[in-house]
There are 2 protein chains.
Amino acid sequence: MLHEEVVARLREKLIDGVMPPGSRVPEKELCAEFGVSRTPLREALKVMASEGYIVLLPNRGARVAKMTARNLEELFEVCGGMEALAGELACQHGTDAEIAEIEALHDRMAEFYAVRDLAGYYPLNRAIHEAIVRATHNAVLINLYENVSARIRRARFVVPMPPDHWRLAMAEHEAILNALQRRDAVMLSSILKTHLRNKCEQVERAGFAESDETPTPPAAARKTPVKKPQPEQSDMERVP
Amino acid sequence: MLHEEVVARLREKLIDGVMPPGSRVPEKELCAEFGVSRTPLREALKVMASEGYIVLLPNRGARVAKMTARNLEELFEVCGGMEALAGELACQHGTDAEIAEIEALHDRMAEFYAVRDLAGYYPLNRAIHEAIVRATHNAVLINLYENVSARIRRARFVVPMPPDHWRLAMAEHEAILNALQRRDAVMLSSILKTHLRNKCEQVERAGFAESDETPTPPAAARKTPVKKPQPEQSDMERVP
DNA sequence: GACCCTAATTTTGAATGCAAAATGGCTGTC
DNA sequence: GACAGCCATTTTGCATTCAAAATTAGGGTC
């Protein structure tokens, strides 16, 4: 299954921001880079398109999907809904071992917080949320969450978390763990939704214009054929 | 974009149960049927696989994804979470016109209920739920909901709804409309989650064993090569 | 020099071709 | 008759090829 390999690698490239939003997806170069022919690459592109990572323009190839502020907001809304659901289901279906594992992750994360090590904190934060989702034992949810959270991660223009936000996030995580251990589905669900909303607002305040559009250079409808009318412009421009 | 056409047509075939779960996906025949070559068909298969409709077995082709009772339960859980989220967001972001449209759909549905016309009732029921999701103005959610609800629809072994359940569903729909009109996000969210849970339980009680497995005929590991060891068996067998 | 029209080149979308794997059928053995 | 082994056929996965569309480059006109 060559195309799956390509999907995985391409997805990484997109999430890591190697290919900026709005940029063309050069089939030929990617084929060379991955050492595959166009067939599996194009299969991968179709899959990525259906997952919302890229956009296919008829006869004009693929472009990395743009990330507008609105789109990010939508992703946060959905992700929040999924996490809330996950919290509820994890309380119902999670095993004690899984909860213990989450507790262990939490404790390790708390240590990183204690020394204010953001680079160590983040992966554990993510691991906790993923572990909660896995604890639902709901394969459908696990899959969809992976998709949505990856698309959000694609926008991780590293926001340098302000100390008070971080403190709040950490306090929420204490509450998350607590609710999970008590298997308080309603509480956990509610906290998780708030938790993500805080993150979302933080990101929004970190500075993105609502404006972003530029649907696509209108093809052959250009007048002055400047060398680069829209030089692979990356979307998500910050506001000053 | 030929493959999209194929995806659409294939999806219909799967949802309508023309191709039973677990059955092989015959590339050649489908190519002939759709009048396309294998390339776009295979692209479509990759997409459908990533959407959970079919399963790709390395070197053994594609099979229609089975629908186990557990899988259906998972889909209901996720769908419920999405509808709850949709209700909340629709209260926040829905326009008055959209709510009015939902009211109109509701009234038409109520008429079908009054004369106990299930065939007329169902499409409107579906239309209402879809309209609520659309009223969120959240494109991500709309897409994911479409996927999940279609996968559920694939299992619509027409359960002849018992009268009291129908009455309950109709009462819930009254409450749904009411909450929406009052833009009571918390209430609407809660009702929608319950609403779907009722449907789910109803389906479960309608008769599906939890057993279903049969991961895949273990390929060349069969002993007695009976003509048809697993004659394209459809999963989701009912319990007597 | 700006503009428009046409020809060469590149890129895209889909069909075809080809090697490897799997399937099915056949025979031979016990 | 059951079973293993071998070969023909089909199916699968991917590479390659081909036609159509888009992009680019060039040349003429004003």
Side-chain angles (χ1 to χ4, degrees), chain A residues 1-10 19 22-50 54-64 215-233, chain B residues 1-10 19 22-50 54-64 215-233:
Chain A
M1 251 26 160
L2 205 31
H3 87 277
E4 289 195 4
E5 178 80 10
V6 176
V7 166
R9 292 233 263 160
L10 252 184
M19 306 179 69
S23 63
R24 280 169 36 93
V25 178
E27 288 189 8
K28 233 176 169 181
E29 286 164 37
L30 289 175
C31 286
E33 181 178 338
F34 296 153
V36 300
S37 80
R38 283 178 60 219
T39 306
L41 182 89
R42 290 170 109 294
E43 287 171 351
L45 291 182
K46 306 291 189 277
V47 171
M48 307 267 301
S50 93
I54 66 177
V55 178
L56 300 177
L57 295 86
N59 288 318
R60 312 233 359 260
R63 299 188 89 91
V64 180
T216 287
R222 289 171 326 203
K223 288 294 172 185
T224 35
V226 192
K227 259 318 178 232
K228 291 268 179 181
Q230 312 263 0
E232 298 281 314
Q233 91 290 6
Chain B
M1 251 27 158
L2 205 32
H3 87 279
E4 289 194 5
E5 177 79 12
V6 176
V7 166
R9 291 232 263 160
L10 252 183
M19 306 179 68
S23 63
R24 280 170 36 95
V25 178
E27 287 189 9
K28 232 175 169 180
E29 286 165 37
L30 290 175
C31 286
E33 181 178 338
F34 295 152
V36 299
S37 78
R38 282 178 59 219
T39 305
L41 182 89
R42 287 169 62 66
E43 288 170 351
L45 292 182
K46 306 291 189 278
V47 171
M48 307 268 301
S50 93
I54 66 176
V55 178
L56 300 177
L57 297 86
N59 289 318
R60 312 232 358 259
R63 302 188 88 92
V64 179
T216 288
R222 290 171 325 204
K223 288 294 172 185
T224 33
V226 192
K227 259 319 179 231
K228 292 267 182 182
Q230 312 264 1
E232 299 280 314
Q233 91 289 5

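Lettering of chains follows the sequences in order, A, B, ..., and the numbering in each one begins at 1. Side-chain atoms are counted along with the backbone in the values below, which use heavy atoms only and exclude waters and symmetry mates.
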Among C:dA14, C:dA21, D:dA21, which is the nearest nucleotide to the side chain of B:Asn59? C:dA21
Under 4.0 Å between a side-chain N/O of A:Arg60 and OP1 or OP2 of D:dT23, yes or no? yes
A:Met1 atom CE is separated from C:dA21 atom P, nearest whole Å, by 14 Å
Between C1' of D:dT23 and CG of A:Leu57, the distance in whole Å: 15 Å
Give a yes/no on whether any side-chain N or O of A:Ser37 is located under 4.0 angstrom from OP1 or OP2 of D:dA15. yes
Measure the distance from CD on A:Glu29 to P on C:dT10 and round it to the nearest whole Å. 14 Å
Using the side-chain heavy atoms of B:Glu27, tell me which of these nucleotides is nearest: D:dG13, D:dT16, C:dA14. D:dG13
In short, B:Pro58 meets B:Leu56 closest at the heavy-atom pair CD-O, 3.8 Å
For A:Glu33 versus A:Arg9, what's the shortest heavy-atom pair and its separation? O-NH2, 4.0 Å
Given D:dA15, D:dT11, C:dA15, the nucleotide with the shortest approach to the side chain of B:Arg24: D:dT11
From B:Leu2 CG over to B:Phe34 CZ, what is the distance, rounded to the nearest 0.5 angstrom? 10.5 Å
Hey, is the side chain of B:Arg38 poking within less than 4.0 Å of OP1 or OP2 on C:dA14, counting only N and O atoms? no
Provide, to the nearest angstrom, the distance between the CD atom belonging to B:Glu43 and the P atom belonging to C:dA15. 10 Å
Provide, to the nearest angstrom, the distance between the CG atom belonging to B:Leu45 and the P atom belonging to D:dC14. 13 Å
Interatomic distance where CD1 belongs to B:Ile54 and P belongs to D:dT12 [whole Å]: 11 Å
Without decimals, in angstroms, what is the distance between A:Arg42 CZ and D:dT16 P? 16 Å
Over all atoms of both residues, closest heavy-atom pair of B:Leu30 and B:Leu41: CB-CD1, 3.7 Å
Once you round to the nearest 0.5 Å, how far does CD of B:Glu43 lie from CE of B:Met1? 9.0 Å
Select from A:Thr39 and A:Ala62 the residue whose nearest nucleotide in DNA chain C is closer to the 5' end of that strand. A:Ala62
Among the nucleotides C:dA14, C:dA15, D:dA15, whichever has the atom closest to the side chain of B:Leu2 is C:dA14
Between CG of A:Leu30 and C1' of C:dT12 the distance, given in whole Å, is 14 Å
